[in-house]
Amino acid sequence: MQTNSTTMILKEIVTPLLRWYHSHARILPWRENPNPYFVWISEIMLQQTRVEAVKPYFDRFISALPTVESLAEVPENELLKLWEGLGYYNRARNLQKSAQEIVINHDGKLPANYKKLLSLPGIGPYTAGAIASIAYQIPVPAVDGNVLRVITRLLASRDDIMKEKTRKKIESYLAQVIPANEAGNFNQSLMELGATVCLPKGAAKCYSCPLKQICLSFAEDCISEIPVKTPKKTKRIESYTMLRLQYENKIALQKRPSTGLLASLWELPHLDNHMGQAQIIHYLQEKNYKVKNITPLPPSKHIFTHIEWHMIGYYIELEQIPAKSNYHWISPQNLIDDYAIPTAFKGYL
DNA sequence: AATACGGGGTA
DNA sequence: TACCCAGTATT
């Protein structure tokens, strides 16, 4: 073990951070009973997702699926319905794959082992560290965006936090100072500080930071310059015309492909580009749908991480549909109960 | 190493 | 707008 200046600084934060966390930890649903299953579910939900967004999903999810076994067995449509609107839907499917593996290979319990956790689908270095430390008190780091920001600022490091190398370096530093009996509290205290005090984009509340005496960026007055992040590339724009098709009080839906964006979720029928009423009527007539009434719906925009959807839409009442319609015709109540529909389409439902 | 993968909150 | 969020999997 090395004891360079970096490690010495990090050793100094342990006690003040734990003391601060003891009195400032937010009360969160998944902290009430931090059993491995609840910790796991919460950590998956929290990937790239804010605490406030997760809260209602977490409570509903663990009520519906309180055990690893129940998650392993739930039908996919029910699972996706529980995840509807939360985004990154592969998280839900990977959760179930892992649950099935855990039932088969680990006696239905999350393994108390960092590498075994890491091998499960949907669990990467951060989540493996979070579960290991929070649920099992195993002294391994859990480095998320908060921790990257807190530590680079603490050290006044200009390392690019988008690079894996930076994360690994910080993990190796932290591994040397994690207190043996409070691994979970220590990791959570770093994240909590990042989430509530050491805020991004010039919003840091250094005046109330328990580490301001130690923080090199605070001393050098360069908080606003750290962390360094490589800029992300611009989004592409895609245009669609959404069809809100109505026939005998039922709505047309179709299932999205099993791979790619919003895989396997349900969607409204739609055409590429922005089409006029005449083009839509022509398109439907060719497929033997007879239009009774068509009215334009207001444009809407949905922004993904890497794509922007620019949508227009039409509300269309049909008086006849072909014997073999490619669409699924769903009653409104059935749609609410059983069909997971991404937020992007909600503007036209 | 770069890109795909949601959705919402904030300055 | 642009950035950011208790990141991971795939290419």
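Every chain is numbered from 1, with letters handed out A, B, ... down the list of sequences. Note that the structure is a prediction, hence the values are computed from the model and not measured.
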Point to revise | Transitive ILVMFWY side-chain link A:I9 to A:L18, under 4.5 Å | key: yes
Taking the six-membered ring for Trp and the single ring otherwise, decide whether the centroids of [X] and [Y] are under 6.0 Å apart.
{"X": "A:Y289", "Y": "A:Y327", "value": "yes"}
{"X": "A:W309", "Y": "A:F345", "value": "yes"}
{"X": "A:W266", "Y": "A:Y339", "value": "yes"}

Spacing of [X] atom [atom1] relative to [N] atom [atom2], expressed in whole Å:
{"X": "A:E164", "N": "B:dA2", "atom1": "CD", "atom2": "P", "result": "12 Å"}
{"X": "A:M162", "N": "C:dT8", "atom1": "CE", "atom2": "C1'", "result": "13 Å"}
{"X": "A:E52", "N": "B:dG8", "atom1": "CD", "atom2": "C1'", "result": "12 Å"}
{"X": "A:L199", "N": "B:dT10", "atom1": "CG", "atom2": "P", "result": "11 Å"}
{"X": "A:E43", "N": "C:dG7", "atom1": "CD", "atom2": "P", "result": "9 Å"}
{"X": "A:Y126", "N": "C:dC5", "atom1": "OH", "atom2": "C1'", "result": "12 Å"}
{"X": "A:E308", "N": "C:dT1", "atom1": "CD", "atom2": "P", "result": "7 Å"}
{"X": "A:I41", "N": "C:dG7", "atom1": "CD1", "atom2": "C1'", "result": "16 Å"}

For [Y], is there an ion pair with [X] - N to carboxylate O distance below 4.0 angstrom?
{"X": "A:E171", "Y": "A:R167", "result": "yes"}
{"X": "A:E192", "Y": "A:R31", "result": "yes"}
{"X": "A:E225", "Y": "A:R158", "result": "yes"}
{"X": "A:R60", "Y": "A:E84", "result": "no"}

Could you tabulate the donor-acceptor pairs under 3.5 Å formed by side-chain atoms of residues 113-124 of chain A, not counting sequence neighbours?
{"residue": "A:N113", "atom": "OD1", "partner": "A:K115", "partner atom": "N", "Å": "3.0"}
{"residue": "A:N113", "atom": "OD1", "partner": "A:K116", "partner atom": "N", "Å": "2.9"}
{"residue": "A:S119", "atom": "OG", "partner": "A:K116", "partner atom": "O", "Å": "2.8"}

What interatomic distance, in whole Å, is found between [atom1] of [M] and the corresponding atom of [N]?
{"N": "C:dT1", "M": "B:dC5", "atom1": "P", "value": "23 Å"}
{"N": "B:dG8", "M": "C:dA9", "atom1": "C1'", "value": "23 Å"}
{"N": "C:dT8", "M": "B:dG9", "atom1": "P", "value": "23 Å"}
{"N": "B:dA1", "M": "C:dC5", "atom1": "C1'", "value": "23 Å"}
{"N": "C:dA6", "M": "B:dA11", "atom1": "P", "value": "14 Å"}

Report all interatomic pairs (protein N or O, nucleotide N or O of nucleotides 9-11 of chain C) with separations under 3.5 Å.
{"residue": "C:dA9", "atom": "OP1", "partner": "A:G122", "partner atom": "N", "Å": "2.4"}

Exercise for review: Taking the side chain as every heavy atom from C-beta outward, state whether A:L216 and A:L154 have any atom pair closer than 4.5 Å.
Suggested key: no
Under 4.0 Å between any heavy atoms, over every strand shown, what does [X] touch: base, sugar-phosphate, or nothing? Just pick one.
{"X": "A:S42", "result": "nothing"}
{"X": "A:R149", "result": "sugar-phosphate"}
{"X": "A:W309", "result": "nothing"}
{"X": "A:R26", "result": "base"}
{"X": "A:L28", "result": "base"}

Practice item. Output yes when a side-chain donor or acceptor of A:Y283 lies under 3.5 Å from a complementary backbone atom of A:L271, and no otherwise. Key: no
Taking only N/O atoms, report every protein-nucleotides 4-6 of chain B pair under 3.5 Å with atom names and distance.
{"residue": "B:dC5", "atom": "OP1", "partner": "A:L261", "partner atom": "N", "Å": "3.0"}
{"residue": "B:dC5", "atom": "OP2", "partner": "A:H306", "partner atom": "NE2", "Å": "3.0"}
{"residue": "B:dC5", "atom": "N3", "partner": "A:Y88", "partner atom": "OH", "Å": "3.4"}
{"residue": "B:dG6", "atom": "OP1", "partner": "A:Y88", "partner atom": "N", "Å": "3.4"}
{"residue": "B:dG6", "atom": "OP1", "partner": "A:Y89", "partner atom": "N", "Å": "3.1"}
{"residue": "B:dG6", "atom": "OP2", "partner": "A:L262", "partner atom": "N", "Å": "2.5"}
{"residue": "B:dG6", "atom": "O4'", "partner": "A:Y88", "partner atom": "N", "Å": "2.9"}
{"residue": "B:dG6", "atom": "N7", "partner": "A:Y88", "partner atom": "OH", "Å": "3.2"}
{"residue": "B:dG6", "atom": "N7", "partner": "A:T305", "partner atom": "OG1", "Å": "2.5"}
{"residue": "B:dG6", "atom": "O6", "partner": "A:Y88", "partner atom": "OH", "Å": "3.0"}
{"residue": "B:dG6", "atom": "N1", "partner": "A:Q48", "partner atom": "O", "Å": "2.8"}
{"residue": "B:dG6", "atom": "N2", "partner": "A:Q48", "partner atom": "O", "Å": "3.2"}
{"residue": "B:dG6", "atom": "N2", "partner": "A:T49", "partner atom": "OG1", "Å": "2.7"}

Revision key, fill the gap. Sorted by chain and number, sequence neighbours left out, side-chain contact (heavy atoms from CB on, under 4.5 Å) with A:H310 holds for A:I237, A:S239, A:H274, A:K301, A:E308
Review point. Near DNA chain B, under 4.0 Å by heavy atom, which residues of residues 182-196 of chain A?
Key: none
**Study point:** ILVMFWY clustering at 4.5 Å (side-chain atoms), partners of A:I336
**Key:** none
Check your understanding: With no angle test and no hydrogens, is the base of C:dC3 tied to the side chain of A:K201 by a donor-acceptor pair under 3.5 Å?
Key -> yes
